[in-house]
Student: 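My questions will all concern the structure given below.
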Number of protein chains: 2
Amino acid sequence: MSTREELIGAARDLMWERGYAASTPREILEAAGAGKGSMYHHFRGKEALAQAAIERNAEEMRTQVTSALESGDSAVSKVRAYLNREREVLKGCRFGRLVQEPGVIDTPALRGEIEDMFAWVRARLVTVISDGIRSGELRSDLDATRTAATVAATLQGAYVLARAAQDASVFDDAIEGVAALLETARA
Amino acid sequence: MSTREELIGAARDLMWERGYAASTPREILEAAGAGKGSMYHHFRGKEALAQAAIERNAEEMRTQVTSALESGDSAVSKVRAYLNREREVLKGCRFGRLVQEPGVIDTPALRGEIEDMFAWVRARLVTVISDGIRSGELRSDLDATRTAATVAATLQGAYVLARAAQDASVFDDAIEGVAALLETARA
DNA sequence: GTCTATACTTGGATAGAC
DNA sequence: GTCTATCCAAGTATAGAC
């Protein structure tokens with residue numbers, strides 16, 4: 001793999017574990033097996049490398065979510081597939097963890113990618129839920145926008161609770177709970 | 001107010017905004033109007049001050065949540081009161097934001113407070129929801145533990161989504177959505 | 001294109017005067 | 001109790017050789 005790709009991969013790993021601010025060029029370079037010169041040759045600096053890493057995360061996420069939301073034959077089963085993707089629960093969400101950092105939120109190039117990602121996920125969930133309402137699977141009084149926000153939020157919050165407890169079972173409880181609630185909203 | 005209290009207050013504010021790692025003694029001291037000597041006199045170091053700040057946050061949170069869960073006369077209205085507490089949505093949750101940081105999770109003195117806090121909140125929600133099931137308000141096939149985890153997770157995730165979008169309306173959508181789902185689970 | 005050496009700043013903590 | 005001066009390590013970036 002090219003040095004550039006090694007750098008992006010190392011940045012993705014370290015940013016998942018530590019976030020943006022705490023991911024030092026020193027450690028990224030060590031993990032990538034490269035020297036400082038390489039990083040400053042391929043990227044303008046830490047921020048540009050981080051942006052490339054987030055972009056790569058976004059590509060991967062869109063592929064996975066698209067796949068999950070195509071599985072199953074009902075709205076509820078699609079949402080379940082979305083919630084049940086394989087995940088390293090205690091490591092958390094690559095995007096959600098970055099949202100807390102002022103250094104990310106205050107940097108348009110970084111926040112923009114994250115904002116777009118979450119907006120895209122919610123839009124996809126709105127489509128799935130709206131289709132479920134139209135097809136008669138879900139109650140007609142369900143608000144698709146709000147329900148989609150709830151599903152996406154439950155997933156993000158489930159990571160938070162599981163990490164606080166250092167116990168993935170809390171994650172499972174939360175997502176199973178929202179899936180069960182959605183089932184009670186069947187028409 | 002005593003210097004010690006000023007230090008705790010400044011640490012609480014800065015940790016809310018920046019988290020633990022990025023809250024430097026330098027800035028805390030500047031905000032508190034104190035010198036380095038004061039901090040190292042009252043606390044063993046940054047970690048001990050952070051622990052005191054988190055403990056103070058926990059006291060405040062328990063008071064607020066207890067109050068919210070006592071309001072209203074039904075399980076759903078109590079949960080709604082919990083979800084609708086006044087909050088500075090875009091600043092996020094004082095506890096949830098810390099959970100992402102390895103420096104917090106890997107420090108038992110800090111993580112313990114946070115873990116206990118979330119476990120306590122979930123336990124209180126389980127009680128409210130269980131009572132709602134027993135009283136006949138909520139469907140008997142609802143799983144109280146899972147549903148409580150979902151409610152707590154939706155709140156945490158709502159903060160994440162709103163911060164990513166820099167728009168509090170996403171927060172409102174998510175919590176209104178979970179409240180509406182809970183209402184469809186009425187017996 | 002990649003390396004090492006270096007510069008500059010900041011973080012966390014300690015020492016010792018007042 | 002509180003202050004200032006100081007120490008040491010680490011973060012980010014640049015310079016310039018190969």
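Proteins get letters first, then strands, A, B, ... in listed order; numbering begins at 1 in each. Just the heavy atoms: all of them, side chains too, but no hydrogens, waters or symmetry mates, feed the values below.
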Student: Less than 4.5 Å apart, any side-chain heavy atom of B/Leu155 and any of B/Arg87?
Tutor: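 B/Leu155 vs B/Arg87: side chains touch.
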Student: Taking CG from B/Leu29 and P from D/dT2, how many angstroms apart are they, rounded to a whole number?
Tutor: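 Taking atom P of D/dT2 as the reference, CG of B/Leu29 is at 11 Å.
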Student: Does the side chain of A/Thr3 get closer than 4.0 angstrom to OP1 or OP2 of C/dG1 through an N or O atom?
Tutor: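 Answer no for this pair, as no side-chain N or O of A/Thr3 is under 4.0 Å from OP1 or OP2.
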Student: Roughly how many Å is it from CZ in A/Phe43 to P in D/dT12, rounded to a whole number?
Tutor: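 Rounded to the whole Å, the gap is 16 Å.
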Student: Identify which nucleotide among C/dT6, C/dG1, D/dT2 has an atom closest to any side-chain atom of B/His41, counting heavy atoms from C-beta outward.
Tutor: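 The answer is D/dT2.
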Student: Roughly how many Å is it from OH in A/Tyr40 to P in C/dT2, rounded to a whole number?
Tutor: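 The distance from OH of A/Tyr40 to P of C/dT2 comes to 16 Å, rounded to the nearest Å.
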Student: Let me know, please, whether A/Ser23 or B/Gly37 comes out on the 5' side of the other along DNA chain D by nearest nucleotide.
Tutor: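 The 5'-side residue here is B/Gly37.
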Student: Round to a whole Å and report the spacing from CG of B/Leu49 to C1' of C/dA13.
Tutor: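 Going from B/Leu49 (CG) to C/dA13 (C1'), I get 14 Å.
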Student: Give me the atom names and distance for the closest heavy-atom approach of B/Gly96 to B/Phe118.
Tutor: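 For B/Gly96 versus B/Phe118, the nearest heavy atoms are N-CZ, 3.9 Å.
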Student: Would you mind reading off the distance between B/Leu7 atom CG and D/dT2 atom C1', rounded to a whole angstrom?
Tutor: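 So the CG-C1' distance, B/Leu7 to D/dT2, works out to 11 Å.
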Student: Which of the following nucleotides, D/dG1, D/dA13, C/dG12, is nearest to the side chain of B/His42?
Tutor: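 That would be D/dG1.
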Student: State whether a side-chain donor-acceptor pair under 3.5 Å links B/Thr184 with A/Thr184.
Tutor: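 Yes - a donor-acceptor pair under 3.5 Å links their side chains.
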Student: What is the distance from CZ of A/Arg26 to C1' of C/dC8, rounded to the nearest Å?
Tutor: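 In whole Å, C/dC8 C1' lies 18 Å from A/Arg26 CZ.
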Student: Which whole-number value in Å describes the distance from A/Glu6 CD to C/dG1 P?
Tutor: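 Whole-Å distance recorded here is 16 Å.
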Student: Grab the NZ-P distance between B/Lys46 and C/dT10 for me, whole Å please.
Tutor: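 Those two atoms, NZ and P, are 16 Å apart.
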Student: What nucleotide, of C/dG11, D/dC3, D/dA13, holds the atom closest to the side chain of B/Thr24?
Tutor: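 Side chain of B/Thr24 sits closest to C/dG11.
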Student: Answer yes or no: is there an ion pair linking A/Glu27 with A/Arg18, defined by an N-O contact shorter than 4.0 Å?
Tutor: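 Looking at A/Glu27 and A/Arg18, the cut-off is met.
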